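A short worksheet on the structure shown next.
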Amino acid sequence: MTKRYDMAIIGSGPAGLSAAINAKIRNKQFIIFGTENLSNKLIKAPKVNNYLGFYDVTGKELKDNFKNHLNSMDIQITTEKITAVYGMGDYFAVMANDKTYEATTVIIATGMEFTKPLKGEEELLGRGVGYCATCDAPLYKGKVVTIIGYNREAEEEANFVSELASKVNYVPMYKAQYDLKNSIELIEDNPVEIQGEAKVEKLILKTSQLETDGLFVLKDSVSPSQLVPGLEMENGHIKVDREMKTNIPGCFAAGDCAGKPYQYLKSAGEGQVAALNAVSYIDSLKK
Ligand SMILES: Cc1cc2nc3c(=O)[nH]c(=O)nc-3n(C[C@H](O)[C@H](O)[C@H](O)COP(=O)(O)OP(=O)(O)OC[C@H]3O[C@@H](n4cnc5c(N)ncnc54)[C@H](O)[C@@H]3O)c2cc1C
């Protein structure tokens with residue numbers, strides 16, 4: 001039988017981490033998903049002067065302190081990308097690649113890394129457009145796949161897909177020394193639109209176009225309403241109340257994804273509120 005967690009926390013920035021330490025203190029069974037470096041936004045900050053108790057630190061120093069805190073409390077991050085969360089009545093099915101986790105409550109703390117979808121992206125989602133290349137790679141055996149990568153992890157996915165696909169095009173949305181296999185074609189051009197009738201046919205870029213069978217858009221986060229079908233949004237953020245509750249019972253949100261201002265301490269505070277209210281919700285189910 002699949003283990004059922006009390007809480008699944010999606011995101012390892014300050015919001016998710018603060019939720020995790022509070023869940024631990026309240027003795028709940030939880031799992032936290034995210035990345036080894038915790039948050040790309042955290043490590044990018046040159047100087048942070050508004051995090052109470054940490055004057056004149058770099059984002060990386062703050063990250064190292066967060067890591068030490070987690071280690072001291074024996075909290076491990078599960079480094080998997082969550083692709084979908086489905087409400088199943090009395091629990092949530094949390095999907096990561098081909099794995100499913102079960103949890104009574106979910107805290108969405110995925111940040112605001114997502115950019116506006118490309119023209120045609122939402123219409124062709126599931127019909128050639130995907131957000132997890134490694135999950136869907138077998139579908140594209142012997143076919144042409146194009147990957148629009150927003151971060152360096154996308155390069156790893158491209159390398160994996162190239163073992164199965166007949167051809168992989170990689171369109172980076174950042175500048176770096178790309179660590180790509182020789183067989184992968186690097187396309188340094190700006191994507192404009194995804195075209196296709198029943199399924200994806202072409203990616204139109206600013207100065208070129210690519211015929212492709214599959215197209216993956218790999219960002220740090222996907223829009224929360226795509227991640228959790230039925231989640232109510234307001235002005236581009238997840239709609240929450242003062243208890244960080246969303247419109248879906250048992251689903252909470254915290255941090256940048258729940259609204260402005262985009263700040264570390266606000267995110268950590270909201271993560272705490274979300275976790276404590278999730279604890280109350282879990283306990284109320286047992287009464
Ligand atoms: C350059 C820069 C400087 C900044 N300086 C400051 C500052 O000085 N002071 C300040 O207060 N704020 C600053 N900020 C803002 C601050 O970084 C954000 O407000 C804060 O990181 C938000 O925290 P969060 O937990 O909501 O999300 P994030 O820190 O964005 O973390 C979200 C995490 O969730 C992960 N994730 C997303 N989707 C999924 C998924 N589907 N599955 C698994 N994991 C997922 C992401 O990979 C990421 O690790 C700065 C931001 C930048 C970019």
Side-chain angles (χ1 to χ4, degrees), residues 8-22 31-63 65-67 70 76-86 92 94-97 99-101 103 106-115 130-135 149-154 157 174 217-229 231 236-238 240 244 251-275:
I9 301 163
I10 307 172
S12 55
L17 300 179
S18 165
I21 62 169
N22 283 283
I31 182 161
I32 170 165
F33 298 98
T35 51
E36 200 51 53
N37 71 7
L38 305 183
S39 156
N40 280 335
K41 275 195 179 169
L42 197 50
I43 55 173
K44 274 186 203 152
K47 198 56 87 185
V48 183
N49 279 331
N50 64 346
Y51 201 104
L52 185 66
F54 291 91
Y55 181 64
D56 198 25
V57 284
T58 63
K60 193 172 167 302
E61 285 164 340
L62 198 54
K63 183 214 85 178
N65 278 293
F66 289 172
K67 261 267 159 77
L70 296 182
Q76 274 90 37
I77 311 274
T78 301
T79 53
E80 291 194 62
K81 186 66 146 283
I82 300 306
T83 45
V85 176
Y86 299 113
F92 292 90
V94 180
M95 321 294 292
N97 300 341
K99 282 194 210 149
T100 305
Y101 296 88
V106 169
I107 297 179
I108 312 290
T110 48
M112 275 293 283
E113 291 287 352
F114 57 92
T115 47
Y131 295 130
C132 175
T134 44
C135 328
Y150 282 79
N151 55 35
R152 303 233 41 202
E153 286 99 68
E157 294 209 43
Y174 54 93
V217 188
L218 306 182
K219 304 174 189 174
D220 281 351
S221 327
V222 296
S223 154
S225 56
Q226 278 165 5
L227 189 66
V228 191
L231 193 64
H237 298 109
I238 302 171
V240 287
M244 307 318 291
C251 179
F252 299 77
D256 285 1
C257 65
K260 289 182 179 170
Y262 299 154
Q263 303 277 262
Y264 297 122
L265 209 45
K266 174 261 191 193
S267 300
E270 288 187 352
Q272 179 177 41
V273 175

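For ligands, and for the atoms within them, numbers begin at 1 and follow the listed sequence. A quick note: this is a predicted structure, and the numbers were derived from the prediction, not measured. Throughout, residue positions are numbered sequentially from 1 according to the sequence presented.
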For ligand 1, which atoms sit closer than 4.0 Å to a heavy atom of [X]?
X	answer
N50	7 (C), 8 (O), 9 (N), 10 (C), 11 (O)
K47	8 (O)
S12	33 (C), 34 (O), 49 (O)
L38	48 (C), 49 (O)
A45	3 (C), 4 (C), 5 (N)
G255	26 (O)
Y262	12 (N), 15 (C), 19 (O)
A109	32 (C), 34 (O)

Report task. Check N22, I9, L70 against L17 for a side chain to side chain contact (heavy atoms under 4.5 Å, CB included) and give me the one that passes. Result -> L70
Quick one: does [X] get an N or O within less than 3.5 Å of an N or O on ligand 1?
X	value
K44	no
Y264	yes
A254	no
P46	no
N49	no
D256	yes

Requested in this report: Could you check if a side-chain atom of N49 sits within less than 4.5 angstrom of a side-chain atom of D56, using non-hydrogen atoms only?
Outcome: yes
**Report entry** Contact check, side chains of V228 and F92, non-hydrogen atoms, under 4.5 Å
**Finding:** no
Query raised in the report: Under 3.5 Å, is there a donor-acceptor pair between the side chain of S39 and the main chain of K41?
Result: yes
Query raised in the report: Is a side-chain N or O of Q272 found less than 3.5 angstrom from the main chain of S18, in a donor-acceptor match?
Result: no
Determine whether any heavy atom of [X] lies closer than 4.0 Å to an atom of ligand 1.
X	value
T35	yes
K266	no
E80	yes

Query raised in the report: Are more than 12 heavy atoms from other residues, nucleotides or ligands located less than 6.0 Å from atom OH of Y262?
Result: yes
Indicate, as side chain, backbone, both or neither, the part of [X] found under 4.0 angstrom from ligand 1 when only non-hydrogen atoms are considered.
X	value
I10	side chain
C257	neither
S267	side chain

List the atom of [X], the atom of [Y], and the distance in Å for their closest heavy-atom pair.
X	Y	value
L265	L52	CD2-N, 3.6 Å
K266	A258	NZ-C, 4.4 Å
D256	M112	O-CG, 3.4 Å

Just how far is it from atom [atom1] of [X] to atom [atom2] of [Y], taken to the nearest 0.5 Å?
X	Y	atom1	atom2	result
L42	T35	CG	OG1	9.5 Å
N37	K63	CG	NZ	6.5 Å
T134	L218	OG1	CG	8.5 Å

Report summary line: Which of F54, Y264, Y51 passes ring pair (Phe, Tyr, Trp, His ring centres under 6.0 Å) with F66? It is Y51
Query raised in the report: For atom 44 (N) of ligand 1, which of G34, C132, A96, A258 has the closest heavy atom?
Result: G34
